[in-house]
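In what follows, a structure is listed as structure tokens, so that the remarks can point back to it.
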Amino acid sequence: MDFLVLGPLAVTSGSGEPVPVRQPQHRAILSVLLLYAGRPCSHTLLVDALWGEKPPQDPVRALLGHICRIRRELRTGDRLETLRSAYRMDPGVSELDLYRFHELTFRAQRVLAHGDPQCAAATLRAALGCWREPPLADLPSTPEIDADVAQLLEQRRAAETGLIDLMLALGRHQQVVAGLHRIVTERPLDDRSWAQLLLALYRSG
């Protein structure tokens, strides 16, 4: 299976067919489990994410019902584990876009350390290609989730900034101008991106 969480939630089967996840609560639960893939998600975290300050009368039982339906509809097998007062989603290393993003950014760092900026740029471009718009669209909002989402989005920005630095170093100034215009429009206080834009414009004549 393939699980995509770095955008609108999407699931595909092993044969490449889309697996629909229609119910908003199922999408929210699965998105949280995938955000913390490989780590336990407590009942408290999931209940807060689903219902906030207005949980049902027996929230753990209601959560169990949703988990059972997710297992049945998605056929998650042993990827979705029941732990003590928690659940854990543990897809394979090649089954989650979040894993791929982290692996590709790490690989880009290693390649750059070995003196190959062109390969590093291609690898970072592939890492950023794991993201889709709108990013992390089905994740509910709680203080804990919001903090981890902010950290993940910062990692995305760091990869984007690193790729632009590499493109400038490789002399591909004109190729980054349009993207930098978009970035400074979205983040007008981002001094690093302004500096990159000015450099790209200067070197482009």
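Quick note: numbers below take in every heavy atom, side chains included, and nothing from hydrogens, waters or symmetry partners.
- At distances below 3.5 Å, at least one donor-acceptor pair connects side-chain atoms of R132 with backbone N or O atoms of P8.
- Heavy-atom neighbours of Q174 CD from other residues, nucleotides or ligands within 6.0 Å: at or below the threshold of 12.
- The main-chain N or O of V184 is never found under 3.5 Å from a side-chain atom of R187 such that the two would form a donor-acceptor pair.
- Of all the heavy atoms in E81 and R71, the pair that sits closest is C-NH2, 3.6 Å.
- Scanning both residues, V21 and L30, for their nearest heavy atoms gives CG2-CD2, 4.4 Å.
- Placement of V32 and L74 within a single hydrophobic cluster is found when ILVMFWY residues are connected by side-chain heavy-atom separations under 4.5 Å, directly or transitively.
- Atom-to-atom distance recorded for L170:CG and Q175:CD is 9.5 Å, nearest 0.5 angstrom.
- Heavy atoms of other residues, nucleotides or ligands lying less than 6.0 angstrom from CZ of R75 number 12 at most.
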*Apply the test side-chain contact (heavy atoms from CB on, under 4.5 Å) to residues Y36 and L98: give CA-CA distance (whole Å), side-chain angles for both, the deciding distance (0.1 Å), then the verdict.*
CA-CA 10 Å; Y36 298 108; L98 179 57; over 6 Å; no
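- Side-chain N or O atoms of S193 include none that pairs as donor or acceptor with a backbone N or O of D190 at under 3.5 Å.
- Side-chain contact between R156 and P135 is present, with at least one heavy-atom pair separated by less than 4.5 Å.
- In summary, the aromatic rings of Y87 and H43 are positioned with their centroids under 6.0 Å apart.
- Here the straight-line distance linking atom OG1 of T44 with atom CD of E144 works out to 10.0 Å at 0.5 Å rounding.
- At least one side-chain heavy atom of T76 sits under 4.5 Å from a side-chain heavy atom of M89.
- With 3.5 Å as the limit, one finds a donor-acceptor pair spanning the side chains of S141 and D146.
- Shown here for C41 and L46, the closest heavy-atom pair between the two residues is O-CD1, 3.9 Å.
- Contact record, A200 with S204: O-OG, 2.7 Å, taken as the closest heavy-atom pair.
- By the rule that hydrophobic residues join a cluster once side-chain heavy atoms approach within less than 4.5 Å of another member, F101 and V149 end up as members of one cluster.
- For the residue pair D97 and L4, the shortest heavy atom distance occurs at OD2-CA, 3.3 Å.
- Inter-residue side-chain proximity for L112 and L124 is flagged as unmet; no heavy-atom pair is nearer than 4.5 Å.
- At least one side-chain heavy atom of L33 sits under 4.5 Å from a side-chain heavy atom of I29.
- Between the CD1 atom of I183 and the CG atom of L197 there is a distance of 9.5 Å, given to the nearest 0.5 Å.
- Under the 3.5 Å distance criterion, the side-chain polar atoms of E160 are left unmatched by any main-chain donor or acceptor of R157.
- A salt bridge is defined here as a Lys NZ or Arg NE, NH1 or NH2 lying under 4.0 Å from an Asp or Glu carboxylate O, and E95 with R79 meets this definition.
- Both L153 and Y99 belong to a common hydrophobic cluster when Ile, Leu, Val, Met, Phe, Trp and Tyr are linked at side-chain heavy-atom distances under 4.5 angstrom.
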*Run the side-chain contact (heavy atoms from CB on, under 4.5 Å) check on I164 and L168 step by step: do they pass?*
CA-CA 6 Å; I164 293 170; L168 292 171; 4.1 Å; yes
*Checking side-chain contact (heavy atoms from CB on, under 4.5 Å) for the pair Q196/V176: CA distance, chi angles, key distance, verdict?*
CA-CA 9 Å; Q196 289 177 323; V176 299; over 6 Å; no
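- Looking at H114, its side chain does come within 3.5 Å of a backbone N or O of R110 through a donor-acceptor pair.
- Two residues are said to be in side-chain contact when any heavy atoms from C-beta on lie closer than 4.5 Å; R22 and E73 fail this criterion.
- Within the 4.5 Å cutoff, no side-chain heavy atoms of R88 are placed close to those of R39.
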*Take L128 and T105, measure what side-chain contact (heavy atoms from CB on, under 4.5 Å) needs, and give me the verdict at the end.*
CA-CA 9 Å; L128 290 166; T105 52; over 6 Å; no
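- The main-chain N or O of P188 is found under 3.5 Å from a side-chain atom of W194 such that the two form a donor-acceptor pair.
- Contact record, G38 with D90: CA-OD1, 3.8 Å, taken as the closest heavy-atom pair.
- Under the 3.5 Å distance criterion, the side-chain polar atoms of R27 are matched with a main-chain donor or acceptor of L9.
- In this structure, D2 and L96 have side chains that are not in contact, with every pair of non-hydrogen atoms separated by 4.5 Å or more.
- When hydrophobic clusters are built by joining Ile, Leu, Val, Met, Phe, Trp and Tyr residues whose side-chain heavy atoms come closer than 4.5 Å, directly or via intermediates, L45 is grouped together with W51.
- Between R182 and E133 there is no salt bridge, since no side-chain nitrogen of the basic residue lies less than 4.0 Å from a carboxylate oxygen of the acidic one.
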*Please lay out, stage by stage, how H66 and Q23 fare under the test side chain to side chain donor-acceptor pair (under 3.5 Å).*
CA-CA 10 Å; H66 287 305; Q23 289 196 29; 4.6 Å; no
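- One N or O on the side chain of R100 and one on the backbone of S94 form a donor-acceptor pair closer than 3.5 Å.
- A side-chain N or O of S15 and one of S13 form a donor-acceptor pair less than 3.5 Å apart.
- A 4.5 Å side-chain heavy-atom check between P140 and L50 finds every atom pair outside the cut-off.
- In terms of hydrophobic clustering, with Ile, Leu, Val, Met, Phe, Trp and Tyr side chains grouped at heavy-atom distances under 4.5 Å, V11 and L136 are assigned to a common cluster.
- T142 places a side-chain N or O within 3.5 Å of a backbone atom of I145 that can act as its donor or acceptor partner.
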